[in-house]
Amino acid sequence: MPDAGRARSIRWCTTTSLRKGDRVSWIDDPAFSAADPFGPQTLPYGVGRVRAETATGALVRVGDHALPLRPLATHLGPRLSGPLAADSLDPLLAAGRPAWAELRERLREVVDRGSAPPGADLVPLAEVRPVLPFAVADYVDFYSSRHHAENVGRIFRPDSDPLLPNWTHLPVGYHGRAGTVIASGTPVRRPRGQRRPQGSTGPVFGPSERLDIEAEVGFVCGGPVRGEVGTAELADHVLGVALVNDWSARDIQAWEYQPLGPFLGKSFATSLAHWITPLAALEAARVPTPPAPNPLLDYLSEDEPWGLDLRLEVRWNGTVVSRPPFAEMAWSPAQQLAHLTVNGATVRPGDLFASGTVSGPDRAERGSFLELSWGGREPVTLDDGTTRAFLLDGDTVEITATAPGPDGSVVGLAEVTGRVLPADVEPTAVRGPGR
Ligand SMILES: O=C(O)/C=C/C(=O)CC(=O)CC(=O)O
Ligand SMILES: [Ca+2]
Ligand SMILES: [Mg+2]
């Protein structure tokens, strides 16, 4: 427990000398400054077990520490005490935007204090075992990067137009598998399935030989259960964003997907970061989306269509192989949610929708290894001198992101990581920071 009553000289500003008027926080962590991605401008939410505790509880990240919210619940106010006493973020997601705004406001006050509030317990991240922060209700995956869609079209369907005619009129997507969304750090067993090797007339069965990643941004939904959500109403239904790795078996996918789209090639595992960065922390990261090539139908129109300037980084066994720019996404999250619900289908707390693979125009901005290695024909060289087209057993992938924050600060999106296990390990060996 930090020394209540004694102010520590940890400040929001980035210089080293204390100036008159600087705010002083009780949080004793050099990584909790506006110059760092998890400073007071970010305050992302997660869930985990702390030290020897067996129960999970909601957390807020402050620099390289977590602050358990249950012991602070009473201090944070009556509307929040119920949701914050829970073992996941589910009740907070259900509580909706007024509660999210109040919590962020209260937490800004808490971290801004000169002394620790009653119940505050600053826990180093090394002493936290994070889990999937909410029960994923439905999972939808979009396909909203024009660069990605064109690249994949050229690789998978070289004899056709890279974009199908619907792509510029609506955010193409598909329903994924909520039950196999896993927490960052959980190992991923190489899937087995049907695939048709090149030159073969029929399928064979076996471990995927073209295991890939997709670097994506996930939007975590809450608030009232509703259909027909307008493009101006995104913030009523999205608490925040978290990085996603949509693991994809390209050989299984290429054989199975016509005409209904991705199925077993993508349903075995989708990794989600432990920490949800509030949408409210990303105001300064808003950017206009690239101009739409067609006039849009009314329900997809926005006065000022906006995306987010999230700068992703993909590391393959530690080597940075790509820096996908989310600002390049053609369809905005508001358009995605409007499209997802335009037929009356409801969004409910715990729904997760992902942006689709984030790829930019340059080779070093591609968000999948399928694109980076151009279908396996142009392998990527890692820092250890080895080359890769697709994932080998034992490989690890880490995706991180930052965004511009207020007053020149940087807002972080926490990492999503995973390591590939061989197809023949027992499923029970696939243990990770689940629930
Ligand atoms: O165009 C195709 O046939 C396949 C596309 C994908 O695999 C992409 C996908 O899952 C959606 C995305 O992440 O962009
Ligand atoms: Ca995907
Ligand atoms: Mg997936």
Side-chain angles (χ1 to χ4, degrees), residues 136 138-168 170-178 180-182 188 191 193 195-196 208 210-219 241-273 307 310 312 314 322 324-326 328-333 335-336 339-340 352-361 365-376 390-391 397 399 401 416 418:
V136 180
D138 281 301
Y139 167 51
V140 161
D141 190 17
F142 284 97
Y143 189 41
S144 289
S145 159
R146 186 176 187 128
H147 307 290
H148 172 71
E150 287 180 341
N151 287 339
V152 174
R154 288 192 184 105
I155 295 165
F156 274 4
R157 299 173 286 275
D159 302 324
S160 326
D161 280 344
L163 282 190
L164 292 167
N166 61 357
W167 197 92
T168 54
L170 56 85
V172 170
Y174 69 97
H175 283 275
R177 190 166 182 85
T180 49
V181 176
I182 54 176
V188 173
R195 54 197 165 75
R196 190 177 64 180
S208 169
R210 297 192 142 215
L211 185 58
D212 194 1
I213 64 143
E214 289 187 329
E216 305 199 23
V217 176
F219 293 81
V241 303
L243 291 171
V244 166
N245 182 350
D246 181 23
W247 304 88
S248 300
R250 299 301 182 188
D251 40 4
I252 297 172
Q253 180 186 352
W255 168 237
E256 75 175 357
Y257 83 106
Q258 298 195 59
L260 290 186
F263 189 38
L264 303 180
K266 284 168 175 285
S267 64
F268 54 95
T270 304
S271 300
L272 181 69
L310 309 176
L312 279 64
V314 180
S322 177
F326 190 76
E328 286 281 335
M329 300 301 277
W331 293 100
S332 73
Q335 289 168 326
Q336 291 174 331
H339 185 64
L340 176 53
L352 172 69
F353 68 91
S355 58
T357 311
V358 183
S359 288
E365 295 178 332
R366 297 174 185 164
S368 70
F369 300 155
L370 174 76
E371 293 164 86
L372 274 175
S373 71
W374 207 255
F390 294 96
L391 288 157
V397 176
I399 307 166
V416 60

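Just so you know, these numbers come straight off a predicted model, no measurement behind them. For ligands, and for the atoms within them, numbers begin at 1 and follow the listed sequence.
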Is it true that D251 and S208 share a donor-acceptor pair across their side chains at a distance under 3.5 Å?
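Per modelled atom types, S208 and D251 side chains form a pair under 3.5 Å.
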
Closer than 4.0 angstrom, basic N to acidic O: yes or no for K266 and E214?
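Yes, K266 and E214 are salt-bridged.
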
Would you say OH of Y257 has more than 12 non-hydrogen atoms from neighbouring residues, nucleotides or ligands within 6.0 angstrom?
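More than 12 within 6.0 Å, yes.
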
Go through F353 and F219 one step at a time and tell me if the ring pair (Phe, Tyr, Trp, His ring centres under 6.0 Å) criterion holds.
CA-CA 5 Å; F353 68 91; F219 293 81; 5.2 Å; yes

Sort out the contact shell of ligand 1: every protein residue with a heavy-atom distance below 4.0 Å, listed by chain and number.
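Residue list for ligand 1: D141, F142, Y143, H148, V152, F156, R157, Y174, E214, E216, R250, Q253, Y257, K266, G356, T357.
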
If you apply the rule side-chain contact (heavy atoms from CB on, under 4.5 Å), what do you find for E371 with S322, and how did you get there?
CA-CA 11 Å; E371 293 164 86; S322 177; over 6 Å; no

As an exercise, state the distance from CZ of R146 to OG of S359, rounded to the nearest 0.5 Å.
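The CZ atom of R146 sits 14.0 Å away from the OG atom of S359.
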
Spell out, as yes or no, whether a donor-acceptor pair under 3.5 Å connects the side chain of S248 to the backbone of D246.
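Confirmed, S248 side chain pairs with D246 backbone.
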
Check whether E150 reaches the backbone of H147 with its side chain - one donor and one acceptor, N or O, closer than 3.5 Å.
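It does not hold such a pair.
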
Evaluate the criterion side-chain contact (heavy atoms from CB on, under 4.5 Å) for residue pair V152 and Y143; output intermediate values, then yes/no.
CA-CA 11 Å; V152 174; Y143 189 41; 3.9 Å; yes

So, at under 3.0 Å, which protein N, O or S atoms would a careful student list around the Ca ion (ligand 2)?
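Per the 3.0 Å query on the Ca ion (ligand 2), atoms found are D141 OD2, E214 OE1, E216 OE2, D246 OD2.
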
